[in-house]
> 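Quick one: this structure, given as structure tokens, is what I'll be asking you about.
A note on names: the letters A, B, ... follow the listed sequences, proteins ahead of strands, and every chain is numbered from 1.
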Number of protein chains: 2
Amino acid sequence: MVTGYNSNDKVFLAVDCIIFGFDGENLEVLLIQRDFEPEKGKWSLMGGFLKNNETLDDAAARILHNLTGVHDIYMEQLYSFSEVDRDPVARTISTSYYAIINIEKHNEELIENYNAKWFPLSEVPELIFDHNIMLNKAIRRLRRRTSISPIGFELLPEKFTMRQLQNLYEAILDKELDKRNFINKINSMDVLIKLKEKDMTSSTKGSFLFKFDKDKYDEKQTNSFYLKL
Amino acid sequence: MVTGYNSNDKVFLAVDCIIFGFDGENLEVLLIQRDFEPEKGKWSLMGGFLKNNETLDDAAARILHNLTGVHDIYMEQLYSFSEVDRDPVARTISTSYYAIINIEKHNEELIENYNAKWFPLSEVPELIFDHNIMLNKAIRRLRRRTSISPIGFELLPEKFTMRQLQNLYEAILDKELDKRNFINKINSMDVLIKLKEKDMTSSTKGSFLFKFDKDKYDEKQTNSFYLKL
DNA sequence: CCAAAAGTGTTTCCCTTACACCCATGA
DNA sequence: TCATGGGTGTAAGGGAAACACTTTTGG
């Protein structure tokens, strides 16, 4: 006997993607304006339905790519939302994913752009369904993650200044950090390579550029090297 | 126009519950022996299908209660598993939940017991589907949580000795802790009340019993008071 | 009187934090 | 020459970890 598999219990399973980006100044999130019902015209996360032949991870990647042109992003599963009436059209459970990406690097993909637009976190509009709740949960998770393992590789241009990295951390954590302590902390992580080049755009003196040491960075990532700020 | 809602995409959404308990010595997990196909006779987590009129949280509580008699447990959502072939009968996504409970307190419920049985973590058999993977993920999460906020209220009898509490932490973290440092740490959390009674079963001298100060405990819980061991 | 577990403080070390001044250069 | 951001080190304080001996009492 096989129990429990009753077709009446089948549901729609959606996937919604929360994509964070960093423009050098603010932490932003990618949203799209819906051009279909329900809630046509309102802003929302990138969402779609799980297909029968793909995993949730696959679906998240496909949906993000279809709606924004962005591809090759590692997204992490966040949470599954299941309020009975969260979607007014049909019973739909949604599993949310989030990722942080380098805005510049993906700008080209976004240019011919599908209705997608970056919003600073402080200017996010009211979103459809429970998407604001999803976004808030993603922000909290991102902050926690930032305190636990290094971040930035995905968010900064290949070469960046120490100030840019600090701006990133300050934007994510939403607090100011001491310049010297920050540098000491970052150096102690041993994931940066100091270049001989300087960026001359930000000051008369110019500031040295850095890049991530990808091998070391990945190692620290997976080992959840502890960074508290 | 309403796009995307195509009935072919509907899937079964299961919920699986990982219940940890502590017997004073070892960390254990509650499993049931399936009395139905597929995989009849094999051990598994407590699982069932999401119904149309309930949230995932509701479903987890209902399933746990139906299969084990245990009720009034706060479970936390862990992760949604979606490998295409994870369930050989039909495409099924499973959202897992986990909780830690006091074995003694729920023993009565378990006595007339449905096929449920406690297994020490080191003696967990091969489980159906991807349930071993779920369990491992839950253990990792439990360990991390234990390092971040106090734990024990749900797992120990109302009155307990300091040694029992230390045993609990050692079982969860799977490492030995220094007795004096442990006591200092716990005292600094200020969540215990020392009783005048002694437990005389464990030694000739006897050891003082403690209980949790529920108000303070809950406060620390929600504030994610930091405890590193 | 002895075995077995309970109980108890101090020191060291490292990480975190706070903090201020000089440097280089283009305008 | 001056305004602007870049770059640099140290001292104090607090939490974590290491560590050993005395107490109690039933058998």
> Report the C-alpha separation of A:R145 and A:E76 in whole Å, then their side-chain angles, then the decisive distance to 0.1 Å, and conclude whether the side chain to side chain contact (heavy atoms under 4.5 Å, CB included) test is met.
CA-CA 11 Å; A:R145 228 201 77 181; A:E76 191 173 304; 4.0 Å; yes

> Could you tell me how far apart B:D178 (CG) and C:dT10 (P) are, to the nearest whole angstrom?
16 Å

> Could you go through the ring pair (Phe, Tyr, Trp, His ring centres under 6.0 Å) check for A:F81 and A:F129 one step at a time?
CA-CA 11 Å; A:F81 294 84; A:F129 304 172; over 10 Å; no

> Within 45° of the six-membered ring axis of B:F210 and under 6.0 Å from that ring's centre, is NZ or CZ of B:K194 located there?
no

> If you restrict it to nitrogen or oxygen atoms, what contacts under 3.5 Å exist between nucleotides 4-8 of chain C and the protein, and what is each distance?
unit_1	atom_1	unit_2	atom_2	d
C:dA6	N3	B:K205	NZ	3.3
C:dG7	OP1	B:F208	N	2.9
C:dG7	N7	B:K179	NZ	3.0
C:dG7	O6	B:K179	NZ	3.2

> D:dG26 C1' sits how many Å from B:M200 CE, rounded?
9 Å

> Rounded to whole angstroms, how far apart are NZ on A:K185 and P on C:dA18?
13 Å

> I'd like to know whether CD of B:E170 has more than 12 heavy-atom contacts from other residues, nucleotides or ligands below 6.0 angstrom.
yes

> Taking all atoms of both residues into account, what is the closest heavy-atom pair of B:L209 and B:K159, and its distance?
CD2-C, 4.1 Å

> Whole angstroms only, please: what is the CG-P distance between A:N187 and D:dG7?
12 Å

> In whole angstroms, how far is the P atom of D:dC19 from the CD atom of B:E176?
14 Å

> Rounded off to whole Å, could you give me the CD-to-P distance for the B:Q166 and D:dA17 pair?
14 Å

> Specify the closest pair of heavy atoms between A:M75 and A:A99, including all atoms of both residues, with the distance to one decimal.
CG-CB, 3.4 Å

> Send over the distance from B:N184 CG to C:dT11 P, rounded to a whole Å.
14 Å

> Starting at CG of B:L177 and ending at P of D:dA17, how long is that distance when rounded to a whole Å?
10 Å

